[in-house]
Amino acid sequence: MDKLMLYRQAIKNLLKEYADLSAADKEVDTQLLFDETHDHYQLMHVGWINGQRIYGSVIHLDLIHGKVWLQHNGTEGDIAQELMAGGVAREDIVLGFRSPAVRVHTGYAVA
C-alpha cells in the first residue's frame, strides 16, 4: 500500500473509532465526512439536546502534499499519537491548529 493510501485508511479508521464512541446518543447524529477527491476528512455532530443546537466538527483532518494536517481536535484524545499508531510517520503530521511559530517546537512537521 502506498503512503497516501495508508494515510487515508489510517485517518478513516481513526474517525470511525471516534464515531463508534458517540453512536449511542440518539438525539445527536454523528456524521463521517470523507472527501477523498480533495482529501478532507471530518467527524461532525449534528442535532439537539434539551432544546440546544449541537452542530460542529469534532475532528478535522486534511491530507496536503502527502502530510496529515490535524486542523481541529475537539476530543481529549491525542490524535497525533493515534495517527502514528495507525502508521502515519511523525514527520508527516502537521498540527495545523498551532501557529507556524509554535509548530517548530512540537516535534511534528511544520508544514
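Quantities reported herein were computed from a predicted structural model and do not represent experimental measurements.
- When all heavy atoms of A80 and I93 are compared, the pair lying nearest together is O-CD1, 3.6 Å.
- Neither V94 nor I79 shares a network with the other; the hydrophobic side chains, linked directly or stepwise wherever heavy atoms of I, L, V, M, F, W or Y lie under 4.5 Å apart, form separate groups for each.
- Of all the heavy atoms in S22 and H45, the pair that sits closest is OG-NE2, 3.4 Å.
- Screening I11, D39, L15 for a side-chain contact (heavy atoms from CB on, under 4.5 Å) with F34, the sole residue that qualifies is L15.
- Looking at heavy atoms from C-beta onward, L70 lies out of side-chain contact with Y108 at the 4.5 angstrom threshold.
- Nearest heavy atoms, A10 versus G86: CB-O, 3.7 Å.
- Of the possible polar contacts, one joining the R103 side chain to the R98 backbone as a donor-acceptor pair under 3.5 Å is found.
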Contacts under 3.5 angstrom, residues 58-69 side chains, donor-acceptor by atom type, not counting sequence neighbours:
unit_1	atom_1	unit_2	atom_2	d
H60	NE2	D62	OD1	3.0
H60	NE2	D62	OD2	3.3
D62	OD1	H40	ND1	2.7
D62	OD2	Q71	NE2	3.0
K67	NZ	A111	O	2.7

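- Environment of CD in Q52: sparse, with no more than 12 heavy atoms of neighbouring residues, nucleotides or ligands closer than 6.0 Å.
- Here the side chain of Y7 pairs a donor or acceptor atom with the backbone of A89 at under 3.5 angstrom.
- When every heavy atom of R90 is checked against every heavy atom of T106, the shortest pair comes out as NH1-O, 4.1 Å.
- The side chain to side chain donor-acceptor pair (under 3.5 Å) test applied to T75 returns N73, not counting sequence neighbours.
- A distance of 8.5 Å separates CG of L6 from CD of Q9, quoted to the nearest 0.5 Å.
- A search for salt bridge (Lys or Arg N to Asp or Glu O under 4.0 Å) contacts involving D92 returns K3, not counting sequence neighbours.
- Inter-residue side-chain proximity for E17 and K12 is flagged as unmet; no heavy-atom pair is nearer than 4.5 Å.
- Hydrophobic clustering, with ILVMFWY side chains joined whenever heavy atoms are under 4.5 angstrom apart, groups Y41 together with L4.
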